[in-house]
Amino acid sequence: MSVFKDIPNLHTHTKLCKHAAGVPEEYCAEAEKVSNILGFSDHCPFPDGRYGKERMEFSELKHYCQLIEQASEKYPGMQLLAGAEVEWCNDMGRNFYNEVLLGEFNLDYLVGSAHYSGFDLGNQEHFFYQQPSPDVTRDFVDVTLKLIESGIFTYVAHPDAFMVPYTEVTKEHESMFREIISAAIQYDVPLEINAGGVRTKRSYPNRVFWEIASEYPTLQTVVNADAHKPEQLYNEDHSTALNIALDLKLNICNLSVAQNIIKGKKK
Ligand SMILES: [Zn+2]
Ligand SMILES: [Zn+2]
């Protein structure tokens with residue numbers, strides 16, 4: 001029996017985001033071997049097309065939901081959750097998230113991600129391409145804290161991904177890790193151990209981040225594949241991410257998070 005049986009994946013992309021492969025049905029075919037729950041969280045588009053190179057068009061969002069619906073019909077034994085991985089943008093206001101995405105489009109859940117530094121849209125850096133800079137790092141932490149405190153997001157993805165340009169963890173980094181972890185506990189928001197960083201050999205999951213996290217017994221975590229291809233579900237990289245959580249005895253909450261999403265479904 002797979003160790004992943006009770007750890008449904010809640011971070012799954014589709015080819016609509018322009019840098020992933022496969023449609024929801026293909027991910028279901030892979031996921032059903034292990035779990036009867038699968039959460040989709042493709043990169044969420046914005047009405048003005050910002051960050052458009054790495055996501056579907058806003059006009060495709062309905063189609064994305066329909067593809068998940070169709071997959072659900074084809075895999076009636078599976079509980080599919082239609083979510084989106086989305087950045088916090090001050091100028092969009094809470095309405096966009098609550099009324100448009102969760103309301104109008106009836107998404108089941110939103111994953112908060114700091115892919116870009118800070119809140120100044122004209123002056124943001126992507127976490128893959130940033131140069132080491134204390135200011136940019138701080139900007140990533142501020143966005144991460146905002147995601148946690150907003151009360152909008154079901155969990156926060158790769159909270160340690162801002163460490164990509166660093167090979168060493170400084171005392172300053174450690175205190176930022178503690179800020180993020182403490183906020184996650186205070187606001188009751190799970191933090192994600194992301195297998196995408198294992199797969200791409202970036203410096204996350206950051207071992208020191210999660211060692212510090214293990215000092216906080218009430219922190220909730222989720223372990224996810226961040227699958228950009230169906231075969232990335234429950235593969236070796238996903239297992240590596242899971243082993244970090246098991247090794248450090250972190251609270252793995254994927255199942256209860258999924259069950260809460262299912263309870264809140266309006267359909
Ligand atoms: Zn992401
Ligand atoms: Zn992702």
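Note that ligands are numbered from 1 as they come in the structure, with each ligand's atoms numbered from 1 the same way.
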Novice: State whether H13 contributes an N/O/S atom found under 2.8 Å from the Zn ion (ligand 2).
Specialist: yes
Novice: I'd like to check the side chain to side chain donor-acceptor pair (under 3.5 Å) partners of T144; sequence neighbours left out, ordered by chain and number.
Specialist: none
Novice: Can you list every pair that meets ring pair (Phe, Tyr, Trp, His ring centres under 6.0 Å) and has a residue in residues 179-200, with sequence neighbours left out?
Specialist: none
Novice: Can you list everything that forms a ring pair (Phe, Tyr, Trp, His ring centres under 6.0 Å) with F153? Sequence neighbours excluded, please.
Specialist: Y97
Novice: Taking the side chain as every heavy atom from C-beta outward, state whether L67 and T14 have any atom pair closer than 4.5 Å.
Specialist: no
Novice: Can you say whether the rings of H238 and Y234 are parallel (under 30°), tilted (30 to 60°) or perpendicular (over 60°)?
Specialist: parallel
Novice: Which of the protein's N, O or S atoms come within less than 2.8 Å of the Zn ion (ligand 1), not counting waters?
Specialist: E85 OE2, H115 NE2, H158 NE2
Novice: Could you check whether any side-chain N or O of N254 sits under 3.5 Å from a backbone N or O of V223, counting only pairs where one atom can act as donor and the other as acceptor?
Specialist: yes
